[in-house]
Chemist: 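Submitted below is the structure of interest, expressed as structure tokens.
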Amino acid sequence: KTTTITTTGLQKLFTTLMYALPSLGNITIFLIVIFFIFGVIGVSLFGRVSLKDNPTLDRHTNFKNLGNAIVLLYTIATTETWTDVMDGCMMSSNCDDSADCKTDCCGSSWAILYFLLFMVLGSFVVLNLFVTVLLDQFQEEDNLNSKKSPEKMELFSVLRTKWMLFDSNASSSVPAPVFLGILRNLPQSILMDLGMAKFDARDGTEAGFIRFLSTLDVPVQSSATNNP
């Protein structure tokens, strides 16, 4: 029993992930765009910030180029030491604060707005969308499974057994009189579960049967094979 439950749970997990892949892919693309945009802006604003005596930035974690900027943004997207990185991008001591500074420059006060926007968009919003999509997919899967109650599965099993008696070739169609006979052999409770409570088995005339079929979503074909 434990093995069956575990296998069912794993199947449900993988099925949910497979159905969620398109939505997760869209979110991933959007996240990459966010990282690219903020990476370019970060290089422009903090690419010349001095690394000397900088409490946070060094030769590995910096905004000197787009690659390093994206890696650094990925690191702080987990909310790990992002305030320290922001402080390092705002350093104002032991640096060149002139307007035409090329290297070893001081930080920028724009760092506060920059990092707040990135944390809101890149971490608190976009990354949480992954969780939201997965939860929605699990909920949809649960709703789908709830429709497959044991009673309904037993109902369809009865219908399938009755149908196979008259459709041994599995053609998914039977002559109209045979279909009428199948309905006549079904208990009234099953007909009600199928939404066929209006079916009157006593009205066996062709006109009565056609009137009943018109109330159902059943494809009817007029052909030489006399199949509905």
Side-chain angles (χ1 to χ4, degrees), residues 1-51 53-92 95 105-150 152-153:
K1 183 177 180 179
T2 303
T3 304
T4 303
I5 295 176
T6 303
T7 304
T8 303
L10 289 175
Q11 181 181 4
K12 177 182 177 180
L13 175 62
F14 283 111
T15 302
T16 302
L17 290 176
M18 289 298 295
Y19 282 118
L21 281 180
S23 298
L24 294 178
N26 294 334
I27 297 176
T28 301
I29 294 175
F30 180 64
L31 185 61
I32 291 174
V33 173
I34 293 294
F35 272 64
F36 179 80
I37 292 175
F38 276 87
V40 172
I41 297 175
V43 172
S44 176
L45 292 176
F46 317 117
R48 294 187 296 272
V49 173
S50 176
L51 303 181
D53 300 325
N54 195 303
T56 306
L57 302 182
D58 54 35
R59 65 189 184 91
H60 298 294
T61 57
N62 55 68
F63 288 92
K64 294 296 183 181
N65 55 65
L66 182 60
N68 287 350
I70 291 178
V71 172
L72 181 55
L73 290 175
Y74 177 79
T75 302
I76 66 176
T78 61
T79 68
E80 181 70 22
T81 66
W82 72 274
T83 55
D84 295 335
V85 175
M86 181 178 65
D87 291 339
C89 292
M90 296 174 59
M91 70 172 299
S92 58
C95 57
C105 305
C106 292
S108 171
S109 58
W110 286 101
I112 298 177
L113 179 61
Y114 173 86
F115 284 97
L116 286 178
L117 284 176
F118 176 76
M119 293 307 297
V120 170
L121 292 176
S123 180
F124 301 140
V125 175
V126 178
L127 291 181
N128 287 331
L129 284 178
F130 284 96
V131 180
T132 303
V133 168
L134 290 177
L135 290 178
D136 287 343
Q137 193 62 50
F138 272 113
Q139 183 65 39
E140 184 177 345
E141 187 72 16
D142 289 337
N143 293 338
L144 182 62
N145 290 333
S146 65
K147 297 178 181 179
K148 300 178 181 180
S149 61
K152 292 186 178 181
M153 294 302 294

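Along the sequence shown, residues are numbered consecutively beginning with 1. Side chains are part of it too, since the values below use all heavy atoms of this structure and drop only hydrogens, waters and symmetry mates. Given the structure is predicted, the values throughout are model-derived calculations rather than measurements.
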Chemist: Please report the closest heavy-atom contact between F46 and W110, naming both atoms and the distance.
Modeler: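 Nearest heavy atoms, F46 then W110: CZ-C, 4.5 Å.
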
Chemist: Determine the minimum heavy-atom distance between Y114 and G39, stating which atoms define it.
Modeler: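 So the two residues come closest at OH-N, 4.2 Å.
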
Chemist: State the CZ-CG distance between F38 and L45, to the nearest 0.5 angstrom.
Modeler: 10.5 Å

Chemist: What pair of heavy atoms forms the shortest contact from L57 to G88, and how long is it?
Modeler: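 Distance-wise, the nearest heavy atoms are CD1-O, 4.1 Å.
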
Chemist: Determine if the SG-SG distance between C106 and C95 falls under 2.5 Å.
Modeler: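 A disulfide, yes.
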
Chemist: Is there a donor-acceptor contact under 3.5 Å from the side chain of S44 to the main chain of V40?
Modeler: no

Chemist: Quickly, which of V43, T61, N62 forms a side-chain contact (heavy atoms from CB on, under 4.5 Å) with N68? Name it, please.
Modeler: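 Only match with N68 under side-chain contact (heavy atoms from CB on, under 4.5 Å): N62.
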
Chemist: Minimum heavy-atom separation for F63 and C89, please, with both atom names.
Modeler: CE1-SG, 3.7 Å

Chemist: Apply side-chain contact (heavy atoms from CB on, under 4.5 Å) to T75 and W82, showing your working.
Modeler: CA-CA 8 Å; T75 302; W82 72 274; over 6 Å; no

Chemist: Is a side-chain donor-acceptor pair under 3.5 Å present for N26 with S23?
Modeler: no

Chemist: Would you call the rings of F35 and Y74 parallel, tilted or perpendicular, taking 30° and 60° as the class edges?
Modeler: tilted

Chemist: Heavy atoms, side chains only, cut-off 4.5 Å: are T81 and T56 in contact?
Modeler: no

Chemist: Step by step, work out the side-chain contact (heavy atoms from CB on, under 4.5 Å) result for L134 and L24.
Modeler: CA-CA 8 Å; L134 290 177; L24 294 178; 4.1 Å; yes

Chemist: Can you tell me how far the CD1 atom of I27 sits from the CG atom of N128, to the nearest 0.5 Å?
Modeler: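 The distance works out to 10.5 Å.
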
Chemist: Please lay out, stage by stage, how L51 and K64 fare under the test side-chain contact (heavy atoms from CB on, under 4.5 Å).
Modeler: CA-CA 10 Å; L51 303 181; K64 294 296 183 181; 4.0 Å; yes

Chemist: Let me confirm one number: the CD1-CG distance from I37 to L73, rounded to the nearest 0.5 Å.
Modeler: 12.0 Å

Chemist: How many angstroms lie between CE in M90 and OG in S108, if you round to the nearest 0.5 Å?
Modeler: 8.5 Å

Chemist: If every non-hydrogen atom of I34 is compared with every non-hydrogen atom of G122, which pair is closest and at what distance?
Modeler: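 Closest approach of I34 to G122: CG2-CA, 4.4 Å.
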
Chemist: One pair to check against side-chain contact (heavy atoms from CB on, under 4.5 Å): L121 and F30. What are the steps and the verdict?
Modeler: CA-CA 10 Å; L121 292 176; F30 180 64; over 6 Å; no

Chemist: Using side-chain heavy atoms (C-beta onward) and a distance below 4.5 Å, is F115 in contact with I76?
Modeler: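 Yes, close enough: below the 4.5 Å cut-off.
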
